[in-house]
Amino acid sequence: MNAKTIATGGLTAGLLLGAWGIVQDDTGAEPVASEIGALTSDEPLDGIKPIEEVVSFWRTRADASPNGFLDRTQLGIALAALARDTADLARFEESEQVLREALAASPRHLTTQLALAQTLHSQHEFAEARSIAEGVWRREPTSAGALALLGDVGLETGDYAAAEDWYDRLAALERSAPVVSRQSRLAYEAGRPDDAVRLATEALALSEDVPLRAAERSFYHFQLGHFRFRTGDVEGAIEALETALAFDPDSPRALESLAFVAASAGDRERAEALYVQLLDSGPAADLHGSYADLLRARGADADADEQERLGRALAAETIDGFPAERRHLAAFYTTRDPAIAVDLAEADLAQRADVGAHDTLAWALYHAGRFDEADARMAQALAAGAVDAELLYHAGAIALAVGDQDQAEEMLAEALAVNPRFHPFDADHAVRLLAEVRAELDR
């Protein structure tokens, strides 16, 4: 089974990026060019080769040298890159196992420590990842890898001030595409969407003169497309995502994002075709759910029921397996079984506590009919200042449910001003709710 998450990034040397889900408005950042690159730069299979070849090369080397911690380190790094490229979370578990074996042979090797920390980060084991990265940073205060990872942990766990501090230190060392990409995401989370687009554009430009694998080069176009869509530039988003797919036609993150954007823009036939392509390459509960929603919207109820069945079966199979999937699964269950969605969202919040975690839990509570709790949780989601249409729509619907019509009108109007096509179905619902609220306020 291919346990799916839409992860981001890759590295010429293969390390230090995060895994963030598109569904929850998360994008990652490419790894920094740090000390890790030195190990592979002179090898016959370097980072610009297909990642499957890199994995095979290092696996053969590691098998031939049971005590070779350097070979195992590189195998672990390559497996993590493969996990990101293919959205197969099980590869992260294999990477972790290999890297722990390498550390057992050489416990103080900094590159191996950082590789393990990043793999743990990708599995949302943030506390251990932070602890390892802090240890590396104390030994090497100018370690770009440690600075990047500490910033990434801060960003994922909602400590945006800490993330900004670590990223500023990183940027003082190098203003590269991976660094600016991180700053782009932080800007979006902090409520500066125009800066997010500007920085994503800069990151893309900085990446053009660097040798990268196809999946890595695709990433920068994907990230730009993601933020263009989030700021209402639907045509610009489609252009960037199509370019991402021109570099990497099988990119799960770009395919899923383009499917969502196409559906939101009204091109549901194209969106359906993209979801079929995604499901053929790696089924996931939330993908089945999105496809089912499109099928049901055009009256194909029998086909939609089948996709629902497949999605529920896969969700049940993976629900306890991968912490990084909790937010995706919560989104799947929110309109299907809100009680399960609440449990998953609470578990996700306990690990992450970023804007997306608060929003996911608030929305699940709303669908569970727990409106006052949803309102309190949404206040925490809004506190960071994020300007995101779907978040604002959630806030408006929840405000209406607790009887705050003025807040509902403000939030719904702002959501539609940010992006009137922010969701294939929720955008239309936002329009209807706003009309209803304004009619009530005018009475």
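On a predicted model such as this, the values are computed, not experimentally measured, just so you know. Side-chain atoms are counted along with the backbone in the values below, which use heavy atoms only and exclude waters and symmetry mates.
- Using a 4.0 Å cut-off between charged nitrogen and carboxylate oxygen, Arg296 and Asp305 count as a salt-bridge pair.
- Closest approach of Asp354 to Leu155, counting heavy atoms only: CB-O, 3.9 Å.
- The line from CZ of Arg182 to CH2 of Trp166 is 14.0 Å long, rounded to the nearest 0.5 Å.
- In summary, the side chains of Gln223 and Arg253 do not present any donor paired with an acceptor at a separation below 3.5 Å, with no hydrogens or angles considered.
- With 3.5 Å as the limit, one finds a donor-acceptor pair spanning the side chains of Tyr167 and Asp152.
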### Task
Could you give me the CA-CA distance, side-chain angles and deciding distance for Val387 and Arg230, then say whether side-chain contact (heavy atoms from CB on, under 4.5 Å) is met?
CA-CA 9 Å; Val387 182; Arg230 291 293 177 177; over 6 Å; no
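- Cation-pi geometry between Arg336 and Phe332 is met: under 6.0 angstrom from the ring centre, within 45 degrees of the axis.
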### Message
Using side-chain contact (heavy atoms from CB on, under 4.5 Å), reason through Leu279 and Tyr291 one step at a time and then give a plain yes or no.
### Response
CA-CA 9 Å; Leu279 289 165; Tyr291 186 30; 3.7 Å; yes
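- Glu235 CD: 12 or fewer foreign heavy atoms inside a 6.0 Å radius.
- A distance-only check finds a donor-acceptor pair linking the side chain of Ser281 to the backbone of Leu278 [under 3.5 Å].
- Checked options Asp359, Asp286, Asp348; the residue passing with Arg327 is Asp348 (criterion: salt bridge (charged side-chain N to carboxylate O under 4.0 Å, His left out)).
- Of the charged side-chain nitrogens involved, none lies within less than 4.0 Å of a carboxylate oxygen, so that Arg326 and Asp343 do not count as a salt-bridged pair.
- Side chains of Asp388 and Tyr188: a donor-acceptor N/O pair is present below 3.5 angstrom, by distance only.
- Summarising the local packing, CD of Glu269 is surrounded by 12 or fewer heavy atoms from other residues, nucleotides or ligands at distances under 6.0 Å.
- Using modelled atom types and a 3.5 Å distance limit, the side chains of His124 and Gln351 yield no donor-acceptor pair.
- Classification of Arg270 and Asp267 as a salt-bridged pair fails, no side-chain N sitting under 4.0 Å from a carboxylate O.
- Residues Arg298 and Glu272 are paired through a salt bridge, judged by an N-O separation under 4.0 Å between the basic side chain and the carboxylate.
- Aromatic ring orientation, Phe247 versus His221: parallel (interplanar angle below 30°, classes split at 30° and 60°).
- Side-chain atoms of Tyr393 and His429 form a donor-acceptor pair, as typed in the model, at a separation below 3.5 Å.
- Under the 3.5 Å distance criterion, with hydrogens and angles disregarded, no donor-acceptor pair is assigned to the side chains of Glu93 and Gln123.
- Side-chain rings of Tyr366 and His394 stay apart, their centers remaining 6.0 Å or farther from each other.
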